[in-house]
There are 2 protein chains.
Amino acid sequence: MHSVLVASRSADQRDSSRESRNGTPQLDAVSLAIIQQLQEDGRRPYAAIGKAVGLSEAAVRQRVQKLLDQGVMQIVAVTDPLTVGFRRQAMVGINAEGDVESIADALTGMSEVEYVVMTAGSFDILAEIVCEDDDHLLDVINKRIRALPGVRSTESFVYLKLKKQTYMWGTR
Amino acid sequence: MHSVLVASRSADQRDSSRESRNGTPQLDAVSLAIIQQLQEDGRRPYAAIGKAVGLSEAAVRQRVQKLLDQGVMQIVAVTDPLTVGFRRQAMVGINAEGDVESIADALTGMSEVEYVVMTAGSFDILAEIVCEDDDHLLDVINKRIRALPGVRSTESFVYLKLKKQTYMWGTR
DNA sequence: GGCCACTTCTGCGAAATCCGCAATCCACGC
DNA sequence: GCGTGGATTGCGGATTTCGCAGAAGTGGCC
């Protein structure tokens, strides 16, 4: 774990965040390095991160807080739901007509829905569902998702086994 | 944030983990409560967690360490890859013949593959791919995934917009 | 250039947290 | 009853977090 960034910090590296046209903050190399550190260990002390990225402890703390406030990242515990008591999971592909985004928003509001993404291809939306049991899953898919206005059809893929789950973007 | 668990801790709650038949550790109510706390904030101090679940700081620390060692959970920073410089993501549905699990294992080994799950339904495997650009994505899907022995066909769903991403199982 | 407003970074002391360890408690089997 | 093993507690000392004031860099403006 050596210091990755020792270059003379100047100009473009100094603005840690700046709004770009689509509203998502622009991240500089140092912030990316900080995120990378926290992707390896979400509890790594600020001083250790600072040593790795070439910043003081206080500066790292300030940047991390900002990244959290901006919603760029979140530091959380992640698990395999199957080991935590949720026995049924499924990915649901949805075909929609009309205002697809409002359907996606409706899905976002459901607590059983973990993940919603709008896609190109033979589905318009993919949504991941986490449920306690089969009845619960059936209920969510048939009664609640299919009932949404604009949903034309759905196709479900029940999870049999989770093989990989990583959060190491940039750590390649 | 009140103390959720003040019941007289005894018998079944005391064994924080025990192997069940499928190899996944069995979690008791206290460990679930700890995980839940860390799903809200991965950096929450052990003492605060202890107060919430009714355990001493040292006990929480020991349990968390064990959960991490066992691989039941990981505490990490998660981001929306699009804001971190990965412009193309896709979910790939795979139809396979023969040893499906070995295909899943091969996918697991690819750094661009974030998520692999074996499913029931019209796909045998779903895999999430995170790439820098279109060329990279095309390369992974056509050259590497389709080249795996046993892969009969694939269908890709390119991500247009990530709408939701949560890690709040049990926090309902 | 000079000045001001704004943001980011640094240094540092106080408070809180983390860490390791020995002692204690409890369920269980003999 | 007694020993064994796992889980929990209590408690110092080392480390980390926190808040803040001052310094440094940036960009706009005259």
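From a predicted model like this one, the values you see are computed outputs, not experimental measurements. Every chain is numbered from 1, with letters handed out A, B, ... down the list of sequences.
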Among B:His136, B:Gln89, B:Arg88, exactly one meets side-chain hydrogen bond (donor to acceptor under 3.5 Å, both in side chains) together with B:Glu112. Which residue is that?
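Exactly one pass, corresponding to B:His136.
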Of the nucleotides D:dT9, C:dT10, D:dA7, which one has an atom closest to the side chain of A:Ser56?
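So the side chain of A:Ser56 is nearest to C:dT10.
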Please name the pair of heavy atoms, one in A:Ile75 and one in A:Gly42, separated by the smallest distance, quoted to 0.1 Å.
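Looks like CG2-O, 3.6 Å.
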Report the distance from atom CD1 of B:Ile34 to atom P of D:dA7, rounded to the nearest whole Å.
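Going from B:Ile34 (CD1) to D:dA7 (P), I get 12 Å.
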Take atom CG of B:Leu38 and atom C1' of C:dC18, then tell me their distance rounded to the nearest Å.
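Atom-to-atom, B:Leu38 to C:dC18, this comes out as 14 Å.
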I'd like to know if B:Arg87 and B:Asp133 make a salt bridge, using a cut-off of under 4.0 Å between side-chain N and carboxylate O.
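Salt bridge flag = no for B:Asp133 with B:Arg87.
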List the atom of B:Gly93, the atom of B:Leu126, and the distance in Å for their closest heavy-atom pair.
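Here B:Gly93 and B:Leu126 meet closest at CA-CD2, 3.8 Å.
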Whole-Å distance between D:dA7 C1' and B:Leu55 CG?
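Nearest whole value for this atom pair: 9 Å.
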Got a second to check how far A:Arg63's CZ is from A:Leu68's CG, nearest 0.5 Å?
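Rounded to the nearest 0.5 Å, the CZ-CG separation comes out at 13.5 Å.
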If I take atom CD in residue A:Gln65 and atom P in nucleotide C:dC9, what distance separates them, rounded to the nearest angstrom?
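Rounding to the nearest Å, CD of A:Gln65 and P of C:dC9 are 14 Å apart.
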Hey, which of B:Gln165, B:Glu128, B:Lys163, B:Lys164 is the one that makes side-chain hydrogen bond (donor to acceptor under 3.5 Å, both in side chains) with A:Tyr115?
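Single side-chain hydrogen bond (donor to acceptor under 3.5 Å, both in side chains) partner of A:Tyr115 among B:Gln165, B:Glu128, B:Lys163, B:Lys164: B:Glu128.
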Report all interatomic pairs (protein N or O, nucleotide N or O of nucleotides 16-20 of chain D) with separations under 3.5 Å.
residue	atom	partner	partner atom	Å
D:dT17	OP1	B:Arg43	NH1	3.1
D:dT17	OP2	A:Tyr46	N	2.9
D:dG19	N7	A:Arg61	NH1	3.1
D:dG19	O6	A:Arg61	NH2	3.1

Whole Å only: how far is the CG atom of B:Asp28 from the P atom of C:dA27?
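About 14 Å, once rounded to whole Å.
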With a 4.0 Å cutoff (strictly under), does any side-chain N or O of A:Lys66 reach OP1 or OP2 of C:dT8?
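The answer is yes; a side-chain N or O of A:Lys66 sits under 4.0 Å from OP1 or OP2.
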A:Met118 CE to A:Ile94 CD1 distance, which is reported to the nearest 0.5 Å:
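The CE atom of A:Met118 sits 11.0 Å away from the CD1 atom of A:Ile94.
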Specify the separation, in whole Å, of atom CD of B:Gln62 and atom P of D:dT8.
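In whole Å, D:dT8 P lies 7 Å from B:Gln62 CD.
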Determine to 10° how strongly the helix from C:dG1-D:dC30 to C:dC30-D:dG1 is bent, judged from the axes of its five-pair ends.
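Overall, the helix from C:dG1-D:dC30 to C:dC30-D:dG1 bends by 30° from one end axis to the other.
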Going by the angle between their ring planes, with limits at 30° and 60°, are A:Phe123 and B:Phe157 parallel, tilted or perpendicular?
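A:Phe123 and B:Phe157: parallel rings.
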Residues A:Asp28 and A:Ser31: side-chain donor-acceptor under 3.5 angstrom
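The answer is yes; a qualifying pair exists.
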